[in-house]
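Okay, structure first, notes after.
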Amino acid sequence: MTGAGPLAGPVLEAAMGRALELAAAAEEWGDTPIGAVVLGADGTVLAEAANEREKRGDPTAHAEVLALRAAAPVVGDGWRLTGATLVVTLEPCTMCAGASVLSRVAHVVYGADDPKAGAAGSLWDVLRDRRLNHRPLVTGGIRAEESATLLRAFFRARRSL
């Protein structure tokens, strides 16, 4: 895969729509509603996942990590996802931002900002840290209100239990 430039508009909107569907599914099994889709340089879906920390009993089973793991064998370039775009409903945390950098994705697209744990500019900026050897393009705010609404409803329901 080669990077022909960042994917745009309708492709990202559609991928975020799918990520939102995956996020809603995660809520059904008790996980925080976050979904992720990995797109190839041509916009094809390479992999997708939802949070599965509760489902798997695995603290690293974030949607982004699961999607990146699933995309790597599809690309066939070992672990490098050169030219790929990661689309996720919530700003990645430090672990997921680090996984994005290490997998060499070209572009990270997210919906809602995460002021408590975001590592794409809200709390930290791992994705654009000049000390690292790879810095993907970062685009935030794609369908942000839909992502935030899903998360707020989930946590509101949790607090009322």
Side-chain angles (χ1 to χ4, degrees), residues 1-29 31-53 55-56 60-114 117-122 125-128 134-154:
M1 289 172 66
T2 59
L7 298 172
V11 173
L12 295 180
E13 290 280 335
M16 187 61 77
R18 178 61 184 145
L20 285 161
E21 291 172 1
L22 293 161
E27 186 173 13
E28 291 176 16
W29 58 72
D31 268 292
T32 305
I34 300 170
V37 176
V38 179
L39 302 172
D42 62 357
T44 59
V45 174
L46 300 176
E48 56 184 36
N51 262 10
E52 293 188 12
R53 291 184 310 168
K55 189 177 191 179
R56 294 180 183 217
T60 69
H62 289 205
E64 301 96 308
V65 170
L66 297 175
L68 292 169
R69 284 179 186 161
V74 174
V75 172
D77 189 22
W79 50 267
R80 291 172 187 85
L81 296 174
T82 308
T85 297
L86 171 65
V87 179
V88 60
T89 56
L90 182 65
E91 179 181 359
C93 69
T94 54
M95 176 181 69
C96 295
S100 299
V101 168
L102 293 173
S103 66
R104 307 295 196 270
V105 297
H107 193 183
V108 174
V109 176
Y110 67 89
D113 290 336
D114 185 355
S122 289
D125 202 349
V126 172
L127 294 173
R128 289 176 281 229
H134 178 75
R135 289 177 299 281
L137 176 66
V138 178
T139 304
I142 305 293
R143 299 180 72 169
E145 190 52 41
E146 292 171 74
S147 297
T149 298
L150 191 61
L151 287 159
R152 279 192 299 268
F154 174 78

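The basis for the numbers below is simple: all heavy atoms, side chains too, and nothing from hydrogens, waters or symmetry mates. Only a predicted model underlies this, so the values are computations on that prediction, with no experimental measurement involved.
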Listing, residues 10-25 side-chain donor-acceptor contacts under 3.5 Å, not counting sequence neighbours, or none:
unit_1 : atom_1 : unit_2 : atom_2 : d
Arg18  : NE     : Glu48  : OE1    : 3.1
Arg18  : NE     : Glu48  : OE2    : 3.2
Arg18  : NH1    : Glu21  : OE1    : 2.9
Arg18  : NH2    : Glu48  : OE2    : 2.6

Given side-chain contact (heavy atoms from CB on, under 4.5 Å), test Ile34 with His62 step by step and report yes or no. CA-CA 8 Å; Ile34 300 170; His62 289 205; over 6 Å; no

I need the minimum non-hydrogen distance between Cys96 and Pro92, along with the two atoms involved. CB-CB, 3.9 Å

Under 3.5 Å, sequence neighbours excluded: what are the donor-acceptor pairs made by side chains of residues 105-112?
unit_1 : atom_1 : unit_2 : atom_2 : d
His107 : NE2    : Thr139 : OG1    : 2.7
Tyr110 : OH     : Asp113 : OD1    : 3.1

Let me confirm one number: the OG1-CG distance from Thr32 to Leu150, rounded to the nearest 0.5 Å. 10.5 Å

Would you indicate whether the side-chain heavy atoms of Val65 and Met95 approach each other to under 4.5 Å? yes

Got a sec, which pairs hit salt bridge (Lys or Arg N to Asp or Glu O under 4.0 Å) with one end in residues 134-152, sequence neighbours left out? Arg143-Glu146, Glu145-Arg152

Minimum side-chain heavy-atom gap Leu68-Ser100 below 4.5 Å: yes

Return the set of residues passing side chain to side chain contact (heavy atoms under 4.5 Å, CB included) with Ala49 (not counting sequence neighbours), or none when no residue passes. Leu66, Ala67

Can you name the closest pair of heavy atoms from Pro136 and Leu127 and give their distance? CD-O, 3.4 Å

Taking side chain to side chain donor-acceptor pair (under 3.5 Å) as the test, write out the residues that go with Trp29, two or more places apart. Asp31

Keeping to residues at least two apart or across chains, list the side chain to side chain donor-acceptor pair (under 3.5 Å) pairs with something in residues 87-98. Glu91-Ser122

Passing candidate, side chain to side chain contact (heavy atoms under 4.5 Å, CB included) with Val87, options Ile142, Val38, Val45, Leu39: Leu39

For Arg69, what residues pass the salt bridge (Lys or Arg N to Asp or Glu O under 4.0 Å) criterion, not counting sequence neighbours? none

Would you indicate whether the side-chain heavy atoms of Leu137 and Thr85 approach each other to under 4.5 Å? no

Of the non-hydrogen atoms in Ala50 and Ala26, which two are nearest, and what is the gap between them? CB-CB, 3.8 Å

Looking at residues at least two apart in the chain, or sitting in another chain, which of them share a side chain to side chain donor-acceptor pair (under 3.5 Å) with Arg128? Asp125

Could you grab the distance from atom CG of Leu151 to atom CG of Asp114, nearest 0.5 Å is fine? 8.5 Å

Answer yes or no: is there a donor N or O on one side and an acceptor on the other, between the side chain of Asn51 and the main chain of Pro33, under 3.5 Å? no

